[in-house]
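Note that the coordinates shown come from a computational prediction; the quantities given were computed from them, not determined experimentally. Remember, it's 1-based here, ligands and their atoms both numbered in the order they're listed.
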Amino acid sequence: GLPASVRIHEVGPRDGLQNEKATLPVAVKAEFIARLAAAGLRTIEAASFVHPKWVPQLADAEELFPQLAELPAKYPVLRLPVLVPNERGLDRALANGVGDIAVFASATESFARRNLNRGVAESLEMFAPVVRRATEAGVPVRSYVSMAFGDPWEGPVPIDQVVSVGCALLELGSTELSLGDTIGTGTPGQVAALLAAFADRGVGPERLAVHFHDTYGQALANTLAALQGGVRTVDASAGGLGGCPYAKSATGNLATEDLVWMLHGLGIETGVDLDALAATSAWLAGELGRPSPSRAVRALTG
Ligand code: HMG
Ligand code: MG
């Protein structure tokens with residue numbers, strides 16, 4: 001059956017903004033995050049500590065974090081995770097007082113090389129000391145496995161490959177694994193099959209999250225399949241922003257507003273004030289100079 005509540009892992013300030021042509025002023029990013037928190041989101045992926053040349057849109061993470069300093073006192077359960085690819089990124093995150101990080105692997109060699117400049121095995125080797133050191137510092141680590149359904153260079157990705165990279169990430173010591181449909185080609189039957197394959201390897205849905213990009217309009221249907229399969233953590237991006245600059249044909253994430261509309265319609269609690277959230281995305285769309293791709297944002301604020 002369906003759950004009574006769902007935890008939304010908001011990725012707009014990271015996945016959303018990393019793919020915009022324009023780099024927003026750091027004060028606008030800080031206001032975006034503060035407004036997301038005010039709208040009730042309690043896990044907000046705030047930035048990434050990757051190489052600044054690889055993702056210039058997020059190169060100002062060191063300037064951003066001091067501007068978020070008052071949020072933890074205001075919202076005691078708020079988590080502000082960041083992406084970290086390597087030990088250099090971890091050092092930067094720890095120096096900024098970050099309390100949660102995420103590492104990000106690929107199920108395919110093609111994307112691993114493009115996104116991390118090394119193959120799958122070498123990227124797992126790069127993450128191992130990151131997960132170990134973060135855990136020792138009391139910082140929980142989420143892991144992503146990208147290209148969990150399809151890959152733009154390799155086509156459909158074999159389930160075994162996804163499960164094997166996913167299990168390796170959990171074995172390194174990460175507390176949660178997010179299944180990334182980076183290019184949005186997955187469909188609900190594939191979601192059910194992937195969850196079943198993880199269960200066969202002893203990984204239940206309580207350790208999994210889902211991360212759908214909406215390229216083919218499948219994100220909500222896929223989310224419902226994941227909820228029916230027992231998943232309780234869903235990634236989404238305010239206003240439907242997002243994509244990966246290193247993944248050909250990746251478009252925006254599942255819009256948080258579209259997700260919240262469906263969940264509330266199903267009687268599932270999220271803690272999110274949908275009107276406040278949609279107003280935030282409409283405001284941000286103005287800052288970015290383009291309309292939000294989210295259907296719910298347009299319906300609620302048009
Ligand atoms: P590399 O060039 O192989 O790095 O890049 P390196 O280890 O060889 O180091 C080269 C230089 O970069 C060194 O400087 C390092 O210090 C510096 P030098 O000694 O030459 O002066 N350096 C750094 N500087 C600052 N911060 C760092 C850092 N690391 C090295 N963290 C690297 C390898 C992983 C760094 C690079 O490939 C990278 O930054 N990739 C990030 C790509 C990215 O952010 N992609 C988007 C996120 S993934 C995504 O969106 C998918 C997701 O949403 C899920 C889904 O949808 O499926 C998560
Ligand atoms: Mg993504």
Trainee: Considering V84, V130, N117 one by one, which has a heavy atom nearer to atom 1 (P) of ligand 1 than any of the others?
Mentor: N117

Trainee: Side chain, backbone, both or neither: which applies to S146 and ligand 1 if a contact is any heavy-atom pair less than 4.0 Å apart?
Mentor: both

Trainee: Checking the side chain of D15 only, and the main-chain atoms of L241 only, is there a donor and an acceptor separated by less than 3.5 Å?
Mentor: no

Trainee: Could any protein non-hydrogen atom be found less than 4.0 Å from atom 20 (O) of ligand 1?
Mentor: no

Trainee: Between E109 and R113, is there a side-chain N and carboxylate O pair less than 4.0 Å apart?
Mentor: yes

Trainee: Which residue from L179, V145, N115, L90 reaches closest to atom 48 (S) of ligand 1 through any of its heavy atoms?
Mentor: N115

Trainee: Is there a donor-acceptor contact under 3.5 Å from the side chain of H213 to the main chain of T251?
Mentor: yes

Trainee: Between L83 and ligand 1, is there a nitrogen or oxygen pair with a distance under 3.5 Å?
Mentor: no

Trainee: For the residue pair H51 and N86, confirm or rule out a side-chain donor-acceptor distance under 3.5 Å.
Mentor: no

Trainee: How far is atom 34 (C) of ligand 1 from its nearest protein heavy atom, and which residue and atom is that?
Mentor: P85 CB, 3.7 Å

Trainee: Report yes or no: does Q161 contribute a side-chain atom to a donor-acceptor pair with the main-chain N or O of A107 at less than 3.5 Å?
Mentor: yes

Trainee: Keeping T175 on the side-chain end and V141 on the backbone end, is there a donor-acceptor pair under 3.5 Å?
Mentor: yes

Trainee: N/O of S48 under 3.5 Å from N/O of ligand 1, yes or no?
Mentor: no

Trainee: Counting from 1, what ligand 1 atoms have a heavy atom of Y144 closer than 4.0 Å?
Mentor: 54 (C), 58 (C)

Trainee: Cation-pi between R118 and F111: NZ/CZ under 6.0 Å from ring centre and within 45° of the ring axis?
Mentor: no

Trainee: Considering non-hydrogen atoms of the protein only, which is the closest contact for atom 27 (C) of ligand 1, and what is the distance?
Mentor: R88 CG, 3.5 Å

Trainee: Should you measure from each heavy atom of P52, which atoms of ligand 1 turn up under 4.0 Å away?
Mentor: 25 (C)

Trainee: Take atom CZ in R295; do more than 12 heavy atoms of anything else shown fall under 6.0 Å from it?
Mentor: no

Trainee: Centre of W153's six-membered ring, under 6.0 Å away, within 45 degrees of the axis: is that where NZ or CZ of R114 sits?
Mentor: yes

Trainee: Counting only heavy atoms on the protein side, is anything nearer than 4.0 Å to atom 14 (O) of ligand 1?
Mentor: no

Trainee: Which atom name would you report as the N, O or S atom of H211 nearest the Mg ion (ligand 2)?
Mentor: NE2

Trainee: Answer yes if the side chains of S110 and T108 hold a donor-acceptor pair under 3.5 Å, and no otherwise.
Mentor: no

Trainee: Within a radius of less than 6.0 Å around OH of Y75, do more than 12 heavy atoms belonging to other residues, nucleotides or ligands occur?
Mentor: yes

Trainee: Regarding atom 26 (N) of ligand 1: of the candidates H51, R92, E122, which has the closest heavy atom?
Mentor: R92

Trainee: Give me the nearest non-hydrogen protein atom to atom 31 (N) of ligand 1 as residue plus atom name, then the distance to 0.1 Å.
Mentor: F49 O, 3.0 Å

Trainee: Hey, are R92 and E62 close enough for a salt bridge, meaning a charged N less than 4.0 Å from a carboxylate O?
Mentor: yes

Trainee: If you count the atoms of ligand 1 from 1 in the order shown, which ones are under 4.0 Å from a heavy atom of R118?
Mentor: 3 (O), 33 (C)

Trainee: With a 4.0 Å cut-off on heavy atoms, is S123 in contact with ligand 1?
Mentor: no

Trainee: Give me the ring orientation class for Y144 and H9: parallel if the planes are under 30° apart, tilted from 30 to 60°, perpendicular past 60°.
Mentor: perpendicular

Trainee: Return the minimal non-hydrogen interatomic distance between W261 and L274, and the atom names on each side.
Mentor: CE3-CD2, 3.6 Å

Trainee: Hey, is the Mg ion (ligand 2) within less than 2.8 Å of some N/O/S atom on D15?
Mentor: yes

Trainee: Which of the numbered atoms in ligand 1 are below 4.0 angstrom from a heavy atom of G89?
Mentor: 31 (N)

Trainee: If hydrogens are left out, which of V103, D15, L116 has an atom nearest to atom 32 (C) of ligand 1, that is, the closest non-hydrogen atom?
Mentor: L116

Trainee: Is ligand 1 under 4.0 Å from a heavy atom in the side chain of R14, in the backbone, in both, or in neither?
Mentor: side chain

Trainee: Return the closest protein heavy atom for atom 50 (O) of ligand 1 as residue, atom name and distance.
Mentor: Q18 NE2, 2.7 Å

Trainee: Taking the basic N atoms (NZ, or NE/NH1/NH2) and the acidic carboxylate oxygens, is any pair closer than 4.0 Å for R7 and D235?
Mentor: no

Trainee: Hey, does the side chain of S174 reach the backbone of L169 with a donor-acceptor pair shorter than 3.5 angstrom?
Mentor: yes

Trainee: Taking the minimum heavy-atom distance to atom 29 (N) of ligand 1, which of D91, N86, N19 ranks first?
Mentor: N86

Trainee: Are any non-hydrogen protein atoms located under 4.0 Å from atom 4 (O) of ligand 1?
Mentor: no

Trainee: So, for atom 17 (C) of ligand 1, does the protein have a heavy atom nearer than 4.0 Å?
Mentor: yes

Trainee: For ligand 1, which is the ligand I care about here, please tell me if H211 has any N or O atom under 3.5 Å from one of the ligand's N or O atoms.
Mentor: yes

Trainee: Can you list the ligand 1 atoms lying under 4.0 Å from a non-hydrogen atom of H213?
Mentor: 56 (O)

Trainee: Heavy-atom distances under 4.0 Å decide this one: backbone, side chain, both or neither, for V55 against ligand 1?
Mentor: side chain

Trainee: Protein heavy-atom contact under 4.0 Å for atom 36 (C) of ligand 1?
Mentor: yes

Trainee: Would you say the side-chain atoms of E10 pair up with the backbone N or O of A238, donor to acceptor, closer than 3.5 Å?
Mentor: yes

Trainee: Any protein heavy atom at under 4.0 Å, with atom 9 (O) of ligand 1 as the reference point?
Mentor: no

